[in-house]
Participant: 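Please see the structure below; I have some questions.
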Amino acid sequence: MADLPLHDQGDFADADRGFIAKLSPAVVRTADGRVVWDGDSYDFLQEDCPETAHPGLWRQSRLCARQGLYEVTSGVYQVRGLDLSNMTLVEGDRGVVVIDPLISTECAAAALKLYRAHRGDRPVTGVIYTHTHVDHFGGVRGVTDGGVPILAPAGFLEHAASERVYAGHAMTRRAVYLYGRALPRSPEGQIGCGLGMTASTGTVSLIPPTLDLTRTGQEETVDGIRMIFHLTPGAQAPAEMNLLLPDHRALCLAENATHNQHNLLSLRGAAVRDARAWARYLTEAVSLFADRADVAFASHHWPTWGGEAIVRFLEQQRDMYAYLHDQTLRLINKGLTGPEIAEAMTMPPQLEQAWHTHGYHGSVSHNVRAVYQRYLGWFDGNPAHLWEHPPRESAIRYVECLGGAAGVVEFARRYIGENDLRFAAQLLNHAVFADEGNKEARDLLAEVYTRLGHGAENATWRNFYLMGALELGDGIVPATMDVTSPDLLAALSVEQIFDSIAIRVDGPRAWHERLAIDWHLTDLGERHRTTLSNGVLVQQRDPRAAAADLTLRLTKEQLVGLLAGKGVEGVEREGNTAALQRLVAVLDRPVPDFAIVTA
Ligand SMILES: [Zn+2]
């Protein structure tokens with residue numbers, strides 16, 4: 001691989017630096033014995049890179065699979081490789097402050113236990129959530145029951161909860177593909193996701209922050225540890241922050257600079273991120289902190305030591321996002337469309353020579369389309385694309401025009417022979433969408449996806465291709481993930497709760513319903529009205545006069561209970577109770593395991 005900087009082995013030294021101890025065996029279970037994390041399942045990565053993996057990705061996965069307790073600098077420790085993310089521990093006067101307590105309480109507890117085994121039984125005296133993604137807060141109850149300061153960037157709670165309100169079920173389904181959840185962990189199967197190995201599958205919790213950070217430069221002290229915050233909203237996450245530990249000369253970069261090119265748009269689906277803001281925050285981080293830090297660490301991957309190396313790392317990360325942003329817009333303004341820009345975009349060779357700019361999690365190809373999407377959206381301006389048939393209807397017609405399914409498969413074999421796997425996948429996808437019973441087309445498409453996956457530098461592309469191949473062979477993998485977490489439900493605002501009901505209204509079924517329900521939240525002292533008309537559930541705070549069909553007096557906890565399918569017992573009702581039943585009758589259910597690679 002001429003394009004890989006194979007001479008540069010520095011990351012291996014950094015990934016091993018400060019190593020104290022492993023968790024052995026690296027298996028974490030729930031109280032009833034279910035495995036939620038198995039680091040040992042990746043031991044095969046010690047072998048040389050096989051034909052079935054991209055050498056760059058294999059190398060990245062080897063680095064990510066390292067696990068254990070590490071000293072970052074005196075008084076600052078990290079547990080890495082016991083979940084998708086890192087847990088950082090900063091020792092204070094009385095105990096230890098935890099930065100980003102992983103996804104699952106079980107993993108967080110195991111990480112804390114490993115730390116304590118080597119650093120003493122220090123109490124957790126504070127928690128920092130760097131941002132709103134679940135791999136940075138979900139394990140919190142594994143390290144504390146609360147009663148300690150919990151610091152987070154302003155807007156944290158709203159955004160942490162909201163990601164699950166709107167498109168959460170679809171994201172959860174697509175995350176099965178993103179992480180390759182159903183794939184065997186093997187040289188032919190799942191070998192990580194670039195940002196780490198995979199997401200743990202234990203208990204997700206959330207304790208609301210006790211202090212919101214609202215401005216860059218804000219300084220706080222927790223357990224004697226001084227911290228200076230740098231807010232970075234709207235880039236990698238809607239609410240996020242870096243922080244400097246000035247007395248340790250250590251800089252926490254949250255997830256704003258990691259050892260890969262990150263996503264401007266996750267393939268599981270998300271609101272598109274702002275590369276321009278991201279680049280600017282990295283410039284700010286350099287000017288604010290670079291001369292005050294001897295080590296920079298993040299909540300994924302390994303730290304970077306030395307002032308010069310930190311600046312180089314941050315500037316290269318910055319240039320990468322700025323280049324993607326600016327060059328995509330340059331080409332947009334010359335009339336190129338998303339797929340054309342993805343094909344045309346080449347990163348500067350100086351950046352390509354740094355491992356951490358490579359697309360193990362995000363990719364140049366899908367990130368430039370994200371920039372296109374942010375500025376121009378789904379339509380490329382070509383009227384032929386305004387009113388296309390949906391995929392299955394298109395597929396039936398393409399197959400007919402190509403002389404039937406057998407002909408399509410024949411053509412596909414020709415393109416496979418020419419190693420044009422991309423077009424073979426397009427052709428075979430038509431054949432499968434036109435007739436999902438076409439076993440020959442399915443098998444051949446699975447073979448093509450497998451080869452595309454094995455060749456992919458990007459771990460999430462690999463996982464998507466291999467999951468596609470798996471489901472073409474075995475059918476849809478049933479959803480086993482429980483997406484509800486009592487803590488996350490409780491964190492929803494009343495407005496978010498009504499939003500989550502509104503998006504379940506089956507429009508056509510509700511076309512002719514008209515009803516109004518008043519909700520008096522007794523514990524919050526809030527009054528809300530929901531009105532169903534024209535197939536829409538509209539919510540309104542502090543409604544004026546006009547009587548509702550039904551008034552319910554309840555606590556927020558009871559409202560959450562109603563949402564989770566509990567009854568109305570204990571809820572004070574006034575008016576026509578049937579109104580609530582009529583509302584419930586028009587609510588639809590999400591499909592947790594919808595088809596992706598078949599129609
Ligand atoms: Zn993360």
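For the numbers below, each heavy atom of this structure counts, side chains included, while hydrogens, waters and symmetry mates do not. When a ligand or atom number is given, it counts from 1 through the structure's own listing order.
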Participant: Only counting residues at least two apart or in another chain, list the ones meeting side-chain hydrogen bond (donor to acceptor under 3.5 Å, both in side chains) with T52.
Facilitator: none
Participant: Please determine whether a side-chain nitrogen of the Lys or Arg among R276 and D326 lies less than 4.0 Å from a carboxylate oxygen of the Asp or Glu.
Facilitator: no
Participant: Answer yes if the ring centres of F464 and Y449 are under 6.0 angstrom apart, and no otherwise.
Facilitator: no
Participant: Take T214 and D212 through the test side chain to side chain donor-acceptor pair (under 3.5 Å) and record every step on the way to the result.
Facilitator: CA-CA 6 Å; T214 56; D212 283 353; over 6 Å; no
Participant: Check for me: within less than 2.8 Å of the Zn ion (ligand 1), which protein N/O/S atoms show up?
Facilitator: D135 OD2, H136 NE2, E255 OE1, H300 NE2
Participant: Assess, by modelled atom type and distance only, whether the side chains of H325 and D274 contain a donor and an acceptor separated by less than 3.5 Å.
Facilitator: no
Participant: Centroid-to-centroid, H300 to H136, below 6.0 Å?
Facilitator: yes
